Protein chains: 2
Amino acid sequence: MHKPTIQDVARRAGVGVGTVSRVLNNHVAVRDSTRDSVLGAIAELNYTPNPHARRIAGGKSYTISVLLPVVTTEFYVRLLDGLEQAFQEARYDVAIFPLLDRSRLERYLGSHTLAYQADGLVMATYNLTQMFQSGSGIRPYSGPTVLVDAHADTVDCAYMDNLLGGRLAGEYASGLDGNLYAVWVETELDQLFTTRVFDDRRSGFLEAVQRSGGRVGGEYVSSFDSLTARTVAAQLLDEVAYPATVFASADLLAGALLDEAQARGLTVGGELKIIGFDDQPWAQGRGLTTLHQPVEAMGYEAAQLLLSRLSGEDGPPRARRFEPRLIVRASTGG
Amino acid sequence: MHKPTIQDVARRAGVGVGTVSRVLNNHVAVRDSTRDSVLGAIAELNYTPNPHARRIAGGKSYTISVLLPVVTTEFYVRLLDGLEQAFQEARYDVAIFPLLDRSRLERYLGSHTLAYQADGLVMATYNLTQMFQSGSGIRPYSGPTVLVDAHADTVDCAYMDNLLGGRLAGEYASGLDGNLYAVWVETELDQLFTTRVFDDRRSGFLEAVQRSGGRVGGEYVSSFDSLTARTVAAQLLDEVAYPATVFASADLLAGALLDEAQARGLTVGGELKIIGFDDQPWAQGRGLTTLHQPVEAMGYEAAQLLLSRLSGEDGPPRARRFEPRLIVRASTGG
DNA sequence: TTGTATGCGTTATCAA
DNA sequence: TTGATAACGCATACAA
């Protein structure tokens, strides 16, 4: 009748509850045959552990909070895939906290919320660690923390090498014929929510172009929304000297360029070449040359960094670097 | 040294743990003076209850899952404000589950996830209850469920009367001089994620106009993004016969109309009148006549419905209706 | 109105 | 490698 407990499993398997617990938590000291019979009993009873009981007994919450911008993009979906997989393997729950606004951030870290109870914190894209210093109005979070998709010296992090990404784009673009142009994403002004992602892509690109002896004929800036992107695309296509190669620092911008070029009957891949950044799902279908990022792997590794801290790992902050990869498609004539 | 427990509070206040628990849970049978001394001890020790212990002792999770589209709009921020306030008052935690994709929905309701452990479920905008029927591949969720911003007969719900909203817009628009036009939001095709919100606004509007003896000179459809909205706005302003009154069924669309009108030097409020829907924060500043929705109140009431079920309330599904309110501003000459 | 004792379902400790 | 048992922190039934 009632939900089966660890006791029921133990009785069924003819062992003690301790043994069942050991099997559950992958402890080493369990004989294979014993493990099998326990696993069998678990399956027969359709037993699932009560997470609250283990939280109280273990003295931990077995929950990880993930703070991320609420941008509903493929990027964060993939990032969560990587994070959730790793945490699930380690039997941790993941609670997602979209950073809807500042007041909500403060509430999240209030002392009796889910977020504050978490054993660890993952912060995506935004480095909010300075928020946790006293005097910021936000209650300091003292548990282990890891940054993902952002870089910092003071805390573990897994980040994408956007500098390299920009550089790869710059080197490749320099090898193509035509004048070079670029569209950047306007960097946020809010001191709380800032990211260096786009600055890095720009620095890398400019550096590589310069090193190749080339020069950038013009730079454009757009905010991260398709309407502005389309307007900027139109302006850019009006002003550039053809043949032209344009590096768009996000596929969203590259997509607007593709749209606008198509509307004008420009041949993309010929007189106009376009390089994006992100490799969004539609990029392959539309033949966009772009930079692919191992997002899931980055998320998975960030989770591993945090998990290792949770199991007592000590030492200085560690940084794990991930490399974007250039995918050449028709939009650059490839 | 260690985090204070209910024992510490009891000792400090010179009472038993039972009394402290009673104070915590707002039980009636506590003498005022006793309550005060307990409260004092709690404050002095800076005690916060261990939620996991509550959960195991109480046999409940004291957690509510909220499933919502990840549209980062003011609407959902306000909705969450209402929900979270009500649940917090009742000492329930809220876990947010953005419906990023279908596979994630299935994972959310997997039997050992946070969502499945929740005592109740709030579904915003999308009616996913049929997903919980067997055979859909999604594990049925058996706990109490409430729909918010959506209407259904089989389950408690708190919904905005979008039919009325459309009607109010229609009646008001019919009273203005000029030809009538409307822009609708393209309804989603995905069978899983459908909402009647925009259909209702349309039905109400058309009905009211017809009843006023007027007629709609033209209807336009846009998807819910500013780029498309701007394109549609341009097309509309090209084609309509002035003076014209346009009902945009979402402020996002109305904003695009304002932008495009401004770019053309059209006088909004005169030859061109615009009515929006949502009353977004910028609507007041830009003088947009629009429909304001009591979103927080709707969220709060949805939470109350769920909480009453949690405390044993029985009976047929209840529906709570909320009414949008027309706010007249300069965009219609008001 | 209050204190005490029991139980919730685990994990961890200890002895075997 | 295992089983028995003591925590874990709270809610609640029961006794006072």
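Order of the sequence lines fixes the chain letters, A, B, ..., with proteins taken first and strands second; residue numbering starts at 1 for each chain. What you see is a predicted model, and the numbers here were worked out from it, not measured in a lab.
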Open item on the list: OP1 or OP2 of dG3(C) versus the side-chain N and O atoms of T19(B): is any pair under 4.0 Å?
Closed with: yes
Open item on the list: Here's a test of your reading of the structure: between I56(B) and V17(B), which maps to the more 5' nucleotide of DNA chain C?
Closed with: V17(B)
Task: DNA chain C: 5'-proximal contact among G16(B) and A57(B) (nearest heavy atom) - done: G16(B)
Whether [Y] and [X] form a salt bridge (side-chain N of Lys/Arg under 4.0 Å from carboxylate O of Asp/Glu) is what I want to check.
X       : Y      : result
D8(A)   : R11(A) : yes
D119(A) : K60(A) : no
D93(B)  : R54(B) : no

Would you mind reading off the distance between [X] atom [atom1] and [N] atom [atom2], rounded to a whole angstrom?
X      : N       : atom1 : atom2 : result
N25(B) : dT1(C)  : CG    : P     : 17 Å
I6(B)  : dG3(C)  : CD1   : C1'   : 13 Å
H52(A) : dT10(C) : NE2   : C1'   : 12 Å
D32(B) : dT1(C)  : CG    : P     : 9 Å
Y62(A) : dT11(C) : OH    : C1'   : 7 Å
K3(A)  : dT10(C) : NZ    : C1'   : 12 Å
Q7(B)  : dA5(C)  : CD    : C1'   : 12 Å

Open item on the list: Classify the ring geometry of Y62(B) against Y92(B): parallel below 30°, tilted from 30° to 60°, perpendicular beyond 60°.
Closed with: tilted
Open item on the list: Using a heavy-atom cut-off of 4.0 Å across all strands, would you classify S21(B) as base, sugar-phosphate, or nothing?
Closed with: base
Open item on the list: Students should find this one: the first and last nucleotides of DNA chain D, 5' to 3', lying under 4.0 Å from a heavy atom of chain A. What are they?
Closed with: dT1(D) to dG9(D)
Open item on the list: With hydrogens left out and only the distance checked, is there a donor-acceptor pair under 3.5 Å joining R22(B)'s side chain and the base of dG3(C)?
Closed with: yes
Open item on the list: Tell me the closest heavy-atom pair linking A86(B) and L307(B), and the distance in Å.
Closed with: O-CD1, 3.9 Å
Open item on the list: Go through it in stages, so that I can follow the logic: the residues are V66(A) and Y76(A), the test is side-chain contact (heavy atoms from CB on, under 4.5 Å), and I'd like the CA-CA distance, side-chain angles, deciding distance and then a yes or no.
Closed with: CA-CA 11 Å; V66(A) 177; Y76(A) 290 104; over 6 Å; no
Task: Full working for side-chain contact (heavy atoms from CB on, under 4.5 Å) between L83(B) and V94(B) - done: CA-CA 8 Å; L83(B) 288 166; V94(B) 171; 5.8 Å; no
